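Let me begin by presenting the structure, written as structure tokens, before commenting on it.
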Amino acid sequence: MWPTRRCRALFFCAISFAPIICFAQDADNTPLRIGVSGPFSGGSSPMGVSMRNGIHLAVEEINNIGGINGRKVELIERDDEANNDIGAKIAEEFTQKKVVAAIGIVNTGVGLASIEAYQKARIPLLIAVSTGTSLTKKYAPPAATENYIFRISPTLDLEAKVVVADLKRKGLGKVSVLADTTAYGDAGLKAFQEQAKLADVEVSSVERFKIGEQDMGAQVRHAKGSGAHALVVWGIGPELAVIARNKESLGWKAPMLGSWTFSMRNFIEQSGKAGEGALMPQTFIQDLGSSSKNSFLLAYKRVFKTSLIASPMSAAQGYDGMHLLYLALRQANSTDGTRIKEALENLKSRYQGVITSYNHPFSKEDHDAITQNMLLMGVVSAGRVDYAYADDQKRGALLRLKAQ
């Protein structure tokens, strides 16, 4: 427990526009250590670095108003290089160092290799980017009595539902699917096939590719030859860009849709005009909107000296996730992992984030903060991600509360 000697005045957080209570310095003023892991190098780094930047912004705000009960937040950061084995070692290191909680995880394979360590150590992990559906389900009741894995990104199942709904909206009933050979590609392919079957969308062919491949011309030719009306792709930026260029070189004009990772800056830059028109689900599109969103974007530009966020969705989810973790630590009034977990499952404070307004984002049975109604369709247009539809742009300006 953290006893307080007196209560300071109520402060107003300039960036999040949420009231935050500051507490007086107590006897223990050592920093609260929180682990941050993600790919800060390599092909997945736009997601990892953007996520880390969002977390940094949130921590700057938290520490500027005195931290948590007088204790500043200290981030312990590790680059998992999108490597499953390295990710597992980082999870072991964090749990041995007794961080009070962890936030991060970008790649599904890394997540699958890491979550057991946090679960065994009873240290809450808040997944900020990975969409692998199984990550928050593995230890959900009744599989385990307690679940220490939470998430603030959409699941692959939700992405697949939104992509299939858009195919139906466009009247595209026959598609070919390309997916990378990672755990992410496996899960994305499975989720899409399940949703396509439910919606009576025919999958005319399935092609796979490895990370690092520089030419997927054969896969794209086979997809085109299958008579597909659209190409659906699950992968990350660099490989998605190769596929877009191959598709353009074949003169195939069919629409290209897929995972949210089409919004990665390295896809947009490396695909050039071949990537124009690519469609993907998004929780966050970088444009002016709510006061909290505008303040976040201004702060990002001020701190990181750029208005070009390599992965805006990753940055926003990292920022909101860190603020939710802050609220749980404050409410738990303890560094005990079980008490922090219980606080996350029953957050009493409503938080106006940059993605949405969070009111009880988690429960004991549900550790995923994002529901389908929070997702919008984005489109690559003129070198950036914009709203695909006018009605989505209107929805983006409204509160998209979690569906109960």
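Residue numbers run from 1 in the order of the sequence given. Everything numeric here is computed off the predicted structure, so don't read it as measured data.
- Ser50 and Ser314 form no side-chain donor-acceptor contact under 3.5 Å, judged by distance and modelled atom types alone.
- The aromatic rings of Phe150 and Phe362 lie perpendicular to each other, with more than 60° between the two planes, well past the 30° mark.
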Quick one: do Arg384 and Asp386 satisfy salt bridge (Lys or Arg N to Asp or Glu O under 4.0 Å)? Show the steps, please. CA-CA 6 Å; Arg384 65 181 293 271; Asp386 204 347; 3.5 Å; yes
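- Note: His323 and Tyr326 have perpendicular aromatic rings, judged against thresholds of 30 and 60 degrees for the angle between ring planes.
- For the pair Asp186 and Arg208, the salt-bridge criterion is met [side-chain N within less than 4.0 Å of a carboxylate O].
- Within a 6.0 Å radius of NZ in Lys174, more than 12 heavy atoms belonging to other residues, nucleotides or ligands are found.
- Summarising the geometry of Val99 relative to Ile123, their closest heavy-atom pair is O-CD1, 3.6 Å, with the distance given to 0.1 Å.
- Side-chain atoms of Ser334 and Asp336 include no donor-acceptor pair closer than 3.5 Å.
- No more than 12 heavy atoms of other residues, nucleotides or ligands lie within 6.0 Å of CD in Glu116, so this atom counts as exposed by the packing criterion.
- In the displayed structure, His229 atom NE2 is contacted under 6.0 Å by more than 12 heavy atoms of other residues, nucleotides or ligands.
- Lys89 NZ: 12 or fewer foreign heavy atoms inside a 6.0 Å radius.
- Distance check, rounded to the nearest 0.5 Å: OG of Ser292 to OH of Tyr319 gives 7.5 Å.
- A donor atom on one side chain and an acceptor atom on the other are found under 3.5 Å apart for Glu345 and His367.
- Taking the centre and axis of the six-membered ring of Tyr148, the NZ or CZ atom of Arg122 falls outside the cone set by 45° and 6.0 Å.
- Taking every heavy atom of both residues into account, Lys97 and Arg33 meet most closely at O-NH2, 2.6 Å.
- Look at Arg169 and Asp391 and you find a salt bridge, because one of the NZ, NE, NH1 or NH2 atoms lies within 4.0 Å of a carboxylate O, short of that distance.
- In this structure, a donor-acceptor pair under 3.5 Å is absent between the side chains of Ser381 and Glu276.
- Salt-bridge check for Glu60 with Arg302: passed, with a basic side-chain N closer than 4.0 Å to an acidic carboxylate O.
- Of the residues listed (Leu178, Asp180, Val163, Thr131), the one engaging Trp234 in a side chain to side chain contact (heavy atoms under 4.5 Å, CB included) is Val163, and it is the only one.
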